[in-house]
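To keep things clear, I will list the structure first and then write my remarks on it.
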Amino acid sequence: MEYTAQPQRMQSVKSNKPSSWFRVLKTHPNIRRRIFCFPHAGGAASYFKQWPEAVPEDTEFVVVQYPGREERLNHPCINNMEDMVRALFDQLTGNPHLLQIPFVIFGHSMGASIGYELILELQKAGLRLPVALVASATDAPGYANPTQFHISSDNELVEEIVRLSPSLSFLKEHEELLEMVLPALRADYQLIETYGKRNEPRPPLPIPIKKLIGDNDSELSRDDALLWKNQTSANFSLQSFPGGHFYLADHYEAVIRVLMESYKDSSTLSPSLSFQLP
């Protein structure tokens with residue numbers, strides 16, 4: 001069955017007030033462009049706390065803060081793609097200033113899939129699209145081979161995230177901290193694993209896609225990463241970095257350079273891609 005977003009349940013209220021969904025880690029009085037970062041499963045805005053130092057002064061750096069973590073710990077988690085995309089769409093259209101300047105979307109792992117689906121919704125609504133989607137370390141939509149960790153035991157779920165990111169092994173020794181992060185982690189895994197099970201073709205985006213991978217990522221082969229070229233009718237590129245699934249921890253400065261290069265490449269977009277502001 002083809003994925004479609006659920007009907008909007010209420011009218012968005014337009015506002016320029018800060019949204020709890022978007023953590024602005026760097027801004028400037030005269031910003032010219034914006035970067036949106038979408039974290040991985042179990043990830044939060046603080047994962048990107050070092051990145052702003054590599055961002056140019058005239059670029060605003062915004063990280064999506066999913067509910068159920070950090071300052072949003074008491075907000076209900078979202079465990080399916082439809083509700084996540086609808087919530088983000090409503091937040092963007094309810095805060096129209098976020099779409100008033102050129103922007104790029106970067107998503108790591110689960111975040112890349114969310115970013116892709118959000119762009120489809122922006123396109124359907126005739127709104128401004130990002131100059132590019134930079135998709136990191138995840139299977140292309142419709143090509144995933146999903147796992148079932150969202151129905152596994154707590155111990156199995158923790159072992160999986162430690163396998164992907166050994167730096168998180170400290171969680172095993174802090175039971176109270178683990179109790180705080182497990183609900184969001186399980187919800188995120190349910191979201192991406194149920195989304196991945198659909199395995200139906202998804203439409204291509206009319207914007208460039210830059211695919212980033214770690215050359216030693218056990219979760220994603222180069223051949224599988226290349227399938228992302230089917231998700232764009234514009235330019236596609238693939239770039240690999242030394243490291244595994246979380247290669248970006250050691251190469252965030254290089255990732256920022258890729259994001260900034262997307263603005264230079266945006267002149268290749270078709271002039272027929274018009275949009276309206278919400």
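Worth knowing before you read on, the calculation uses all heavy atoms, side chains too, and leaves out hydrogens, waters and symmetry mates.
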Heavy-atom closest pair, residues Ala87 and Trp21: CB-CZ2, 3.6 Å
Side-chain (Asn95) to main-chain (Gln91) donor-acceptor, under 3.5 angstrom: yes
Within one Ile-Leu-Val-Met-Phe-Trp-Tyr cluster: Ile101 and Leu92, side-chain cutoff 4.5 Å: no
Distance-minimising heavy-atom pair for Asn79 and Thr194: O-OG1, 4.3 Å
Donor-acceptor contact present, side-chain Arg202 to main-chain Gly142, <3.5 Å: no
Heavy-atom side-chain proximity of Leu127 to Phe89 below 4.5 angstrom: yes
Aromatic ring pairing Phe103/Phe36, orientation class (parallel under 30°, perpendicular over 60°, tilted between): perpendicular
Heavy-atom pair of closest approach, residues Ser233 and Pro206: OG-CA, 3.5 Å
Backbone of Leu122 reached by a side-chain donor or acceptor of Arg128 within 3.5 Å: no
Exercise: do Tyr247 and Ser240 side chains pair donor with acceptor under 3.5 Å: no
Any side-chain heavy-atom pair of Arg186 and Asp154 under 4.5 Å: yes
Glu121 vs Arg86 side-chain heavy atoms within contact, under 4.5 Å: yes
Atom NZ of Lys229: over 12 foreign heavy atoms under 6.0 Å: no
Arg32 atom CZ, neighbour heavy-atom count above 12 within 6.0 Å: no
Working for side-chain contact (heavy atoms from CB on, under 4.5 Å), residues Met260 and Arg257: CA-CA 5 Å; Met260 299 312 299; Arg257 287 196 291 271; 5.8 Å; no
Distance, nearest 0.5 Å, that separates CG of Asn235 from OG of Ser262: 11.0 Å
Expected output: side-chain Lys211 to main-chain Trp228 donor-acceptor under 3.5 Å: no
In one Ile/Leu/Val/Met/Phe/Trp/Tyr side-chain cluster, 4.5 Å: Leu99, Ile31: no
Approximate separation, where rounding is to 0.5 Å, of Leu227 CG and Ser221 OG: 8.0 Å
Closest approach of Ala184 to Gly68 (non-hydrogen atoms, all atoms of both residues): CB-O, 3.5 Å
Arg34 (side chain) donor-acceptor with Leu98 (main chain) under 3.5 angstrom: yes
Tyr116 side chain to Gln231 side chain, donor-acceptor N/O pair below 3.5 angstrom: yes
Heavy-atom side-chain contact between Pro242 and Asn216 under 4.5 Å: no
Side-chain donor/acceptor of Ser136 to backbone N/O of Ser109, under 3.5 Å: no
Heavy-atom side-chain proximity of Glu57 to Lys26 below 4.5 angstrom: yes
Whether Trp51 and Phe48 hold their rings parallel, tilted or perpendicular, with breakpoints at 30° and 60°: perpendicular
Within-4.5 Å side-chain heavy-atom neighbours: Thr138 and Met110: no
Aromatic contact, His75 with Tyr66 (centres under 6.0 Å): no
Note: Lys264-Glu261 ion pair, threshold 4.0 Å (strictly below): no
Salt bridge Arg222-Asp215, side-chain N to carboxylate O under 4.0 Å: no
Any donor-acceptor pair under 3.5 Å from Arg33 side chain to Tyr263 backbone: no
Within the 6.0 Å centroid threshold, strictly below: Phe246 and His40: yes
Shared hydrophobic cluster for Tyr47 and Leu178 (ILVMFWY, side-chain gaps under 4.5 Å): yes
Minimum heavy-atom distance between Asp83 and Asn80, given as atom pair plus value: N-OD1, 2.9 Å
Audit row: Ile213, Phe241, side-chain contact (heavy atoms from CB on, under 4.5 Å) steps and yes/no: CA-CA 6 Å; Ile213 61 173; Phe241 295 87; over 6 Å; no
Glu193-His150 side chain donor-acceptor pair, cut-off 3.5 Å: yes
His245 NE2 to Asp217 CG distance, which is reported to the nearest 0.5 Å: 5.5 Å
Val131/Ile207 under side-chain contact (heavy atoms from CB on, under 4.5 Å): CA gap, chis, key distance, verdict: CA-CA 7 Å; Val131 299; Ile207 61 171; over 6 Å; no
Gap separating the CD1 atom of Ile114 from the NE2 atom of His108, nearest 0.5 angstrom: 12.5 Å
Separation between CG of Leu129 and CG of Leu118, rounded to the nearest 0.5 Å: 10.0 Å
Heavy-atom check, side chain of Phe236 versus side chain of Leu226, under 4.5 Å: yes
Nearest heavy atoms of Met84 and Ile78, plus distance in Å: N-CG2, 3.5 Å
Side chain proximity check, Arg163 to Ser218, heavy atoms < 4.5 angstrom: yes
Nearest-0.5 Å distance, OG of residue Ser20 to CD of residue Glu70: 12.5 Å
